[in-house]
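Report on the structure given below.
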There are 2 protein chains.
Amino acid sequence: MIADDSNRGGRAPRRSRGDVVDAALDLLDRVGLPDLSMRRLADHLGVQPSALYWHVENKQQLLAAVSARILGPVSADHAAGATLDVAARDVAVRLHDSLLAYRDGAEVVSSSLALGLVDPPAHARLRAVAAERGDAPALADTIADAITHFVVGFTFHQQQRRSADAWGAAAGGVAASVERVSAGGDDGFTAALDLIIAGATTTLLRRADAPDAASGAPTRHPAPRP
Amino acid sequence: MIADDSNRGGRAPRRSRGDVVDAALDLLDRVGLPDLSMRRLADHLGVQPSALYWHVENKQQLLAAVSARILGPVSADHAAGATLDVAARDVAVRLHDSLLAYRDGAEVVSSSLALGLVDPPAHARLRAVAAERGDAPALADTIADAITHFVVGFTFHQQQRRSADAWGAAAGGVAASVERVSAGGDDGFTAALDLIIAGATTTLLRRADAPDAASGAPTRHPAPRP
DNA sequence: ACCTGAACACCGTTCAAGT
DNA sequence: ACCTGAACACCGTTCAAGT
């Protein structure tokens with residue numbers, strides 16, 4: 001919409017906040033989170049480290065912006081008419097894919113999420129579906145919590161294992177699981193996700209039968225003895 | 001069993017690896033993970049920073065040992081005869097409590113777990129229960145994965161929110177959720193855990209009906225259209 | 001066996017000053 | 001509006017040398 005005259009006349013190029021986030025995401029994917037320092041990022045941009053602090057409050061806020069970029073595809077154009085459990089599986093798979101799309105993506109997102117610096121990726125979508133279908137918003141939140149924390153934690157573990165494997169293979173060590181790495185193995189992700197979705201489906205059906213218990217209040221019952 | 005003559009004669013006290021881990025756990029609880037540096041830890045022990053590297057390989061391995069200490073209570077003396085879903089709930093509650101027992105406990109454990117430097121806290125117990133009951137070990141692993149990643153991720157988020165709240169309250173800000181903090185609120189933990197346990201129970205019953213499908217292979221079916 | 005002293009190669013962040 | 005230069009207060013880790 002706005003004409004791009006940001007470099008009219010050939011003056012030294014100036015950066016926007018968006019450029020800094022772009023460069024950070026690019027550098028993350030190249031060198032990984034442990035080597036993503038503000039000083040390396042400044043180098044990458046051809047700028048002094050202190051210049052970054054004009055565009056960004058601090059490193060944590062920058063990583064939050066990077067997290068939001070990584071999570072972008074999770075909330076893009078959804079098909080209408082899904083049930084809560086179907087939407088939950090869809091969101092989970094998109095989240096998993098998005099985290100795997102960048103090096104150390106799950107670790108970056110995990111901490112931004114814990115610090116509350118980025119929007120939780122599943123809640124808005126599942127709340128919308130619940131509203132459409134007349135399900136309790138509290139149930140949507142419960143499912144969103146279960147999905148989000150499981151997927152992020154699992155993918156974090158999976159991503160570390162893969163880069164460790166890749167390092168071992170590159171160093172000429174015992175390339176034990178090299179095929180699994182290059183094939184993008186499942187590692188049990190789908191099985192555990194199926195289990196959680198089964199829980200969502202069961203809970204959904206139970207509430208449809210007895211809608212008076214649909215408040216979302218936790219039960220905290222001691223499990224029944226066999 | 002062995003007599004403690006480690007300081008016989010009043011020489012300068014010498015430290016063991018266990019002492020270093022003890023001190024790290026203590027310092028973690030006092031100052032939090034961001035301020036737990038090797039240099040502060042050395043100070044805390046009355047020793048030069050370089051001395052730590054005689055007892056411990058590096059900081060990550062030290063944090064892994066701290067994680068193992070935090071997770072100790074999760075695998076202590078279990079009652080026999082539980083079903084897989086009941087044992088899963090028990091392990092989840094123990095894990096949650098253990099992580100909350102130390103400042104930033106969930107964050108420390110989360111990264112040690114992702115790096116594969118500490119034993120996953122739920123798997124051994126659930127595998128043992130599965131063996132007792134004739135359930136597939138793959139199912140025990142699936143439930144253990146779902147529980148572990150959910151509980152660690154949720155508690156990480158919960159712990160950050162609580163310390164942010166406590167900081168806001170201490171700084172005299174709007175002490176909005178101070179009662180929830182001091183009361184140790186649930187934040188939806190139990191509701192989401194109930195959902196996952198419901199998934200475990202459902203899967204368990206389904207497999208008991210059709211034991212030929214008990215291999216633990218993921219389904220990856222596209223969800224049925226309504 | 002356990003620790004000191006000194007060094008190496010880094011960090012994130014602030015802030016006056018420049019253009 | 002955007003960036004430089006210089007500084008502050010730190011890091012994790014290594015390694016020869018001491019006792």
Side-chain angles (χ1 to χ4, degrees), chain A residues 2-24 27-28 30-67 104 107-108 111-112 115 117, chain B residues 2-24 27-28 30-67 104 107-108 111-112 115 117:
Chain A
I2 296 170
D4 180 10
D5 56 356
S6 62
N7 194 21
R8 175 182 38 176
R11 281 187 254 88
R14 318 206 114 191
R15 290 100 194 147
S16 69
R17 191 188 150 108
D19 294 335
V20 173
V21 178
D22 283 344
L27 193 58
L28 173 69
R30 286 170 132 84
V31 304
L33 185 59
D35 288 329
L36 175 56
S37 68
M38 296 299 270
R39 298 173 112 100
R40 281 194 76 157
L41 176 57
D43 258 27
H44 197 60
L45 276 160
V47 110
Q48 294 296 317
S50 50
L52 298 176
Y53 291 85
W54 196 92
H55 298 284
V56 107
E57 306 85 319
N58 53 46
K59 191 179 182 181
Q60 269 174 0
Q61 294 287 350
L62 172 60
L63 291 179
V66 168
S67 297
D104 293 338
E107 184 171 6
V108 173
S111 85
S112 294
L115 294 167
L117 299 176
Chain B
I2 296 170
D4 180 9
D5 55 356
S6 62
N7 194 21
R8 174 181 39 176
R11 283 185 254 87
R14 319 206 114 189
R15 290 101 194 146
S16 69
R17 191 190 150 103
D19 294 334
V20 173
V21 179
D22 283 344
L27 192 58
L28 173 69
R30 286 171 132 86
V31 305
L33 185 59
D35 288 330
L36 176 56
S37 67
M38 296 299 270
R39 298 172 111 102
R40 282 194 74 156
L41 177 57
D43 258 27
H44 197 59
L45 277 160
V47 111
Q48 295 296 315
S50 50
L52 298 176
Y53 292 85
W54 196 91
H55 298 284
V56 106
E57 306 84 318
N58 54 44
K59 191 180 181 180
Q60 269 174 1
Q61 294 287 350
L62 172 60
L63 291 179
V66 168
S67 297
D104 294 336
E107 185 171 4
V108 173
S111 85
S112 295
L115 293 168
L117 298 176

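Convention: sequence-line order gives letters A, B, ...; per-chain numbering from 1. All values reported here derive from a predicted model rather than from experimental measurement.
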Heavy-atom protein contacts under 4.0 Å, nucleotides 12-19 of chain C, coded B base, S sugar-phosphate only, - none: BBBB----

Rounded distance (Å) that lies between atom P of C:dC10 and atom CG of A:Asp43: 11 Å

To check you understand the geometry: which heavy-atom pair defines the closest contact between A:His44 and A:Ala23, and what is its length? CD2-O, 3.9 Å

Nearest heavy-atom neighbours spanning A:Val56 and A:Arg17: CG2-NH1, 4.1 Å

For the pair made of CZ in B:Arg15 and C1' in C:dC3, what is the distance, rounded to whole Å? 9 Å

Does D:dC3 have OP1 or OP2 sitting under 4.0 Å from an N or O in the side chain of A:His55? yes

Do A:Met38 and A:Pro49 come within less than 4.5 Å of each other through their side chains, counting heavy atoms only? no

Side chains of A:Val66 and A:Ser112 in contact at under 4.5 Å (non-hydrogen atoms): no

Using the test side-chain contact (heavy atoms from CB on, under 4.5 Å), find all partners of B:Asp43 that sit at least two apart in sequence or belong to another chain. none

Side-chain contact, heavy-atom cut-off 4.5 Å: A:Leu41 with A:Leu62? yes

Minimum side-chain heavy-atom gap A:Leu63-A:Leu117 below 4.5 Å: no

Looking only at atom P, what distance separates D:dA9 and C:dC10, rounded to whole Å? 22 Å

The correct list of stems in which DNA chain C takes part (3 or more consecutive Watson-Crick or G-U pairs, distances under 3.5 Å) is C:4-8 with D:12-16, C:12-16 with D:4-8

What are the two closest heavy atoms between A:Asp19 and A:Leu45, and how far apart are they? O-CD2, 4.3 Å

Taking only side-chain N and O atoms of B:Gln48, does any of them lie within less than 4.0 angstrom of OP1 or OP2 on C:dC3? no

